[in-house]
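Only this structure's heavy atoms are used, side chains among them; waters, hydrogens and symmetry mates stay out. Here is how names work: the chains are called A, B, and so on, in the same order as the sequence lines, proteins then strands, and each is numbered from 1.
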Amino acid sequence: MVRRAHGRAPLVAEGVFRVVALTCAAFVLVVMAGLFVVLLVRSHLSIHRFGWGFLWSDAWDPVRDHFGAASSIFGTVASTAIAMVIAVPLSLVIALFLVEIAPPRLARELLAGIPSIIYGMWGLFVLAPLMATHVQPAMQKVFGTFPLFSGPPMGIGVLTAGLVLALMVLPFITAVARDVFALVPPVMKEAGYGLGATTWEVTRKVTIGYGMKGLVGGVFLGLGRAIGETMAVTFVIGNDHRIAASLFASGNSIASTLANEFTEASEPVYLSALVELGLILFVVTLVIQVLAQLWLNRLGRLAGNRS
Amino acid sequence: MKRSSKSWLMGSAAAALVLAGGVAFGQTTITGAGATFPYPVYAKWADAYAAKTGVHLNYQSIGSGGGIAQTKAKTVDFGASDAPLTQQQLDEIGLIQWPMIMGGVVPVLNVPGVKPGEVKLTPTLLADIYLGKVANWSAPEIAAVNPGVKLPDLAITVVHRADGSGTTWIFTNYLDKVSPEWHSKVGTSTAVSWPTGVGGKGNEGVSAYVLRINGAIGYVEYAYCLQNHMTYTLLRNGAGNFVSPTAKAFQAAAANADWKDAPGYYLVLTDQPGAESWPITGASFILFYKDQPDATKAKAVLSFFAWCYANGQKMAEELDYVPMPKNVADMMEANWTAKVHSAGQAVWK
């Protein structure tokens, strides 16, 4: 009776909504698949010539048309790893501070709104000289001839790129972590306090435990941003195809190589090698997303089992 | 109310269309893309030319490699490259090329206490620094040619271009000529496999890195060296003299260039003879299809360059470039007449 009172309109609307939503969702997948196919086709020449060796060859010689992705992959991984090692614990602490201790209404997403090129310029004009004159000489004094911190302190290189990236992903991870911690039901925490736990114990056992799933999501969000970041990294990484043991040495990430060399690549193999680098970045990002999803699902199941 | 606003919209849209059409028909725009090295002077010429004739130039300084690629893709009326193409490369695509402007590439450094023009470098020394073999400013090889100059115990940081570039082509071509080791290990190109160092994007990127890093050495187009008041070095030329980078030294290198006997005008001005020649001098080239689809458009492009040859010298010199001498310009115009055709007819008469 109720349905008749409303006529057929709601049913039609329901159908239309379903179709529209489905189309939009499918559209994303179609675009992704299209991207993948285009990258694959355009990198065919390079894949054919260099095969799997492209992945671990560190050659990058446009004169002799010999290319390999190893140095770019290395730079991407190294700078991202440095960024995550610094940013993850720091943003966790910041998020906890904001939720548990800080007065409300503190500005905290300010950093997220800054365009990446500004980070790059800041990195080059402020951070790099600081690193060159103070931080890197001091580190060399402390660690001596430890290979990780050897070489002339230029201020530009993998370490500086990692630091700038850390600063860039910090607000993303912090924002997600804060939201996750804020969602912890007060009654859980109160129960903890009721049992005589300290703030630290409640934070560690209740807040972090409850918010783990969301935290991982935030970390992967930051990872995704760091791995593909282009402008800021190009400014400070030194743009040199090299795999060096020292974090002070210059390097190159996949994204910065593409930004630097795409316009000038006139030889077909050169262009094709660059597209293949893009393909690698695409696949790596996809794999990270899928792994993150699987990890989240697994965590979800575990949490489900426990309760 | 609704109706009237709608018709107003229609009216203004129609007016906009008419306006846009009028602009499109009333103004000729020629398009080009390529080398960044001559961009400042092309922009200046284009401004003066547009004020005089109403013909506008849309030049995108995307780099020499990009210029060649865009020319191949036929998205522009002409291409520009700092690296000349060989006769064979030109024939494969159906192009001619001509030199439009010349300039110099200058080694610049950042060593505390060292003033511009104080440090002297020999060709081998410059090559060895870029090969990573001489890696400290206090190295005996540097001290040997710089008696009396106090150089600190400081690591040399080599700065090169991160992007492909005609400036790099000229620079590596020079090192290739003067150093057998460079020739066998690295070679000449717009981008090479650098044995050492850090890469900056563009002339401005290299300048910024050199100015930032203590102990750095880089190479930039002369105008960037002037604008940033950078510490240039003297360089020993083929005649054995240490010369400063000046417009006069670039001209001296260009004066010896034998354009007449260079097939396809493939001529590189590095390491030229002459007592006053600056050894890293280069010309920037225009690429143009021999067979033009549109005679009017082709004529408009050639008219612009003829005007630049005839009237552009002073503007070029103001920007520290070296203009092409009159006899070379005449030679190039004769070449246009002989080679550029549209539907079987010569475009330039």
Side-chain angles (χ1 to χ4, degrees), chain A residues 58-68 71 120-121 123-133 136-137 150-158 160 230-231 234-242 244 248-252 256-268 270-271 274, chain B residues 33-36 60-72 79 81 83 85 89 135-136 154-166 168-169 172 176 183 185-202 205-206 208-209 211-216:
Chain A
D58 66 343
W60 192 268
D61 191 343
V63 180
R64 294 170 184 85
D65 274 344
H66 199 90
F67 301 101
S71 62
M121 291 169 73
L124 179 61
F125 291 111
V126 181
L127 184 63
L130 203 71
M131 295 288 291
T133 49
Q136 293 182 346
S150 62
M154 297 183 291
I156 289 159
V158 177
T160 309
T230 310
M231 277 330 290
T234 306
F235 264 78
V236 294
I237 199 165
N239 305 309
D240 203 33
H241 294 280
R242 182 179 322 283
F248 293 175
S250 53
N252 220 339
S256 74
T257 302
L258 291 178
N260 277 321
E261 299 185 23
F262 216 85
T263 52
E264 278 288 350
S266 45
E267 292 300 312
Y270 193 178
L271 199 62
L274 287 172
Chain B
T36 47
Q60 293 158 21
S61 60
I62 54 175
S64 300
I68 295 167
Q70 294 302 320
T71 309
K72 277 185 190 164
S81 170
L85 301 189
Q89 287 172 311
N136 196 300
L154 180 64
I156 297 178
T157 300
V158 165
V159 182
H160 53 72
R161 288 284 287 268
D163 48 339
S165 141
T168 297
W169 194 91
T172 52
D176 195 294
H183 178 75
K185 278 194 183 157
V186 188
T188 304
S189 183
T190 51
V192 298
S193 177
W194 296 97
T196 180
V198 297
K201 190 164 164 60
V206 172
Y209 274 8
L211 291 169
R212 292 285 137 207
I213 303 171
N214 256 347

TODO: Examine whether an atom of T172(B) lies under 4.5 Å from a heavy atom of chain A, and if so say whether it belongs to the side chain, the backbone or both; otherwise answer neither.
DONE: neither

Task: Backbone N/O of G197(B) and side chain of S250(A): donor-acceptor pair under 3.5 Å - done: yes

Task: Per-residue contact mode, L271(A) against chain B (heavy atom under 4.5 angstrom) - done: neither

Task: Heavy-atom contact with chain A under 4.5 Å, split by part of V159(B) - done: neither

Open item on the list: Looking only at heavy atoms and a cut-off of under 4.5 Å, which of I68(B), L211(B), T190(B), T196(B) has the most pairs with chain A?
Closed with: T196(B)

- [ ] Measure F235(A) against the heavy atoms of chain B and call it side chain, backbone, both or neither at under 4.5 Å.
- [x] backbone

Open item on the list: Measuring from atom NZ of K201(B) to atom CD of E261(A), what distance do you get when rounded to the nearest 0.5 angstrom?
Closed with: 9.5 Å

Open item on the list: Using every non-hydrogen atom in the two residues, find where R64(A) and H183(B) come nearest and quote the distance to one decimal.
Closed with: NH2-O, 4.0 Å

TODO: Considering non-hydrogen atoms only, spot the tightest contact between Y209(B) and T234(A) and give its length.
DONE: OH-O, 3.8 Å

Open item on the list: Under a 4.5 Å cutoff for heavy-atom pairs, which residue among P62(A), P153(A), A128(A), P129(A) has the most contacts with chain B?
Closed with: P62(A)

Open item on the list: How about CE on M121(A), more than 12 heavy atoms from neighbouring residues, nucleotides or ligands closer than 6.0 Å, or not?
Closed with: no

TODO: Mind ranking R161(B), H160(B), K72(B) by heavy-atom pairs under 4.5 Å with chain A and telling me who comes out on top?
DONE: H160(B)

Task: Distance, nearest 0.5 Å, that separates CG of N239(A) from CG of D163(B) - done: 8.5 Å

Task: Which of V186(B), I156(B), L154(B) touches chain A most, by non-hydrogen pairs under 4.5 Å - done: V186(B)

Open item on the list: Quick check for you: to the nearest 0.5 Å, what is the distance between S165(B) atom OG and N260(A) atom CG?
Closed with: 11.5 Å

Task: L124(A) to A208(B) - nearest heavy-atom pair and separation - done: CD2-CB, 4.3 Å

Open item on the list: Once rounded to the nearest 0.5 Å, what's the spacing between atom CH2 of W194(B) and atom CZ of R242(A)?
Closed with: 11.5 Å

- [ ] Tell me, for A259(A) versus chain B, whether the close heavy atoms (under 4.5 Å) come from the side chain, the backbone, both or neither.
- [x] backbone

